[in-house]
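Start at 1 and go down the list; that is how both ligands and their atoms are numbered. These numbers were taken from a predicted model, which means no experiment stands behind them. Any value given below was found using the heavy atoms of this structure, including those in side chains, with hydrogens, waters and symmetry copies removed.
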Amino acid sequence: DKGGWSSFMAKEVSEEPEAVANTLRGRIRDGAVAIPELEGLDDLFRDISRVIVVACGTAAYAGMVAKYAVEQWARVPVDVELAHEFRYRDPVIGPDTLVVSISQSGETMDTLMAVKYARERGAKTLSICNTQGATIPRESDAIVYTHAGPEVAVASTKAFVAQITALYLLALHIGQVRGAIAPDEVAAQIEEFEAVPGKIRRILETEQERIEQFAYWMADTRSVLFLGRHVGYPIALEGALKLKELAYIHAEGFAAGELKHGPIALIEPGQPVFVLVPSPRHSALLHAKVVSNIEEIRARGARVIAVAEEGDAAVLPKADEVLRIPLAGPLFEPLLSVVPLHIFAMGLSTAKGLDVDQPRNLAKSVTVE
Ligand code: F6R
């Protein structure tokens with residue numbers, strides 16, 4: 001039931017605030033992270049020396065975002081691997097390796113096979129999954145469910161923000177168990193976390209119509225590029241994936257620092273480029289780097305659509321359009337900046353008269369390898 005929305009995707013994007021709130025619920029106690037499902041597993045988290053995330057598509061991008069949090073808060077090194085690549089080399093894994101799988105459906109065959117392979121090699125496995133009782137969590141030593149609610153549209157949206165939420169909780173949990181993060185630091189992150197649903201709601205309220213209008217004007221666009229740095233990089237990849245699958249156009253995401261190593265040759269007059277701009281409050285250096293990337297592509301005629309925090313005045317004169325997100329802590333920006341990109345992909349697909357819920361050639365659950 002679309003509940004009055006024009007598509008399941010529109011409904012599910014509108015549920016992104018609840019996906020975060022519901023995934024947090026019951027997992028925070030007295031200013032600390034307490035995940036009931038992980039009780040009794042402290043030794044497991046103490047004994048690991050590395051984490052490997054395995055997932056596909058959008059779920060893999062959630063893993064790329066979470067890498068920053070697990071390394072910062074838990075001080076455990078993280079590699080993120082596409083599940084279908086993992087098995088076909090000879091990965092160095094053993095009992096000190098925690099393999100974290102991420103899957104909305106819990107049935108993705110590529111991810112399931114990676115989990116089974118990891119178990120056979122003696123690694124510990126933990127599943128981040130949105131579907132109670134699905135195959136992947138059943139094959140894993142531990143489970144942290146995302147509570148995004150059923151996702152019907154083929155393109156994953158609310159599950160993505162729920163996955164990042166669950167992974168961040170896991171990062172804080174591991175950090176607490178290992179004593180890698182101070183209690184007041186955990187409390188500060190929890191405070192950030194609790195503000196996220198309201199901030200996503202604000203983006204939906206203030207920017208959605210504008211972005212849809214803007215997508216409508218861009219209906220003839222044949223290629224869109226996305227640039228990001230740090231946690232903005234996986235969000236650039238996610239923005240591009242959504243445009244490919246929903247609007248059937250060429251779209252590519254890059255780490256902004258890669259521009260001068262090749263991709264800048266793609267920039268010709270009129271080329272639309274989305275740029276995820278990190279807050280200048282967190283790192284003046286990172287912000288300045290991205291602003292200078294904007295200048296480089298703009299000088300070559302790119303049409304720049306910046307996603308930047310409210311009040312970032314430096315971006316305004318340099319970009320053709322600025323989509324605003326509320327202020328948030330450095331690791332929390334992705335939970336906000338992805339929302340305009342989801343809206344844009346949905347808007348462009350709709351503007352082209354396509355079926356946003358059922359893009360061609362794709363299935364919601366990919367149960368073949
Ligand atoms: C993109 C998308 C896919 C899935 C991927 C993994 O919008 O939906 O890339 O994220 O197929 O699916 P799950 O999470 O079910 O394992």
Counting each atom of ligand 1 from 1 as listed, which ones have a heavy atom of [X] under 4.0 Å away?
X      : value
Thr58  : 1 (C), 2 (C), 7 (O), 9 (O), 10 (O)
Gly57  : 9 (O)
Gln104 : 13 (P), 14 (O), 15 (O), 16 (O)
Ser103 : 13 (P), 14 (O), 15 (O), 16 (O)
Ala59  : 10 (O), 14 (O)
Cys56  : 5 (C), 6 (C), 10 (O)

Going by distance only, is there an N or O of [X] that falls short of 3.5 Å from an N or O of ligand 1?
X      : value
Lys364 : no
Thr111 : no
Val154 : yes

Any carboxylate oxygen within less than 4.0 angstrom of a Lys/Arg side-chain nitrogen, looking at [X] and [Y]?
X      : Y      : answer
Glu207 : Arg324 : no
Glu309 : Arg281 : yes
Glu238 : Lys242 : yes

In the protein, which heavy atom is nearest to [atom], and how far is it?
atom                    : value
atom 11 (O) of ligand 1 : Val366 CG2, 4.3 Å
atom 1 (C) of ligand 1  : Glu245 OE2, 2.9 Å
atom 15 (O) of ligand 1 : Ser105 OG, 2.7 Å

Discussion item. Within the structure provided, determine whether Leu98 and Lys124 are in side-chain contact (heavy-atom separation under 4.5 Å).
Written reply: yes
Worksheet item: Which of these, Val277, Val290, Ile297, sits in a side chain to side chain contact (heavy atoms under 4.5 Å, CB included) with Leu227?
Response: Ile297
Practice prompt. Pick one of side chain, backbone, both or neither for how Thr108 approaches ligand 1, counting any non-hydrogen atom pair under 4.0 Å.
Written response: side chain
Worksheet item: Among Arg201, His147, Arg25, whose side-chain hydrogen bond (donor to acceptor under 3.5 Å, both in side chains) with Glu18 holds?
Response: Arg201
Worksheet entry | Separation between CD1 of Ile102 and SG of Cys129, rounded to the nearest 0.5 Å | 11.0 Å
Worksheet item: Within less than 4.0 angstrom of ligand 1, does Ser365 place any heavy atom?
Response: no
Discussion item. If the contact criterion is a heavy-atom separation under 4.0 Å, does Glu107 count as touching ligand 1?
Written reply: no
Worksheet item: Is there a donor-acceptor contact under 3.5 Å from the side chain of Lys158 to the main chain of Pro150?
Response: yes
Item to complete: List the steps and the verdict of side chain to side chain donor-acceptor pair (under 3.5 Å) for Glu107 and Thr135.
Response: CA-CA 6 Å; Glu107 302 295 344; Thr135 311; 2.5 Å; yes
Worksheet item: Would Asp90 and Arg121 count as a salt bridge (Lys or Arg N to Asp or Glu O under 4.0 Å) if you check the C-alpha gap in whole Å, the side-chain angles of each, and the deciding distance to 0.1 Å?
Response: CA-CA 10 Å; Asp90 192 4; Arg121 294 289 189 98; 3.2 Å; yes
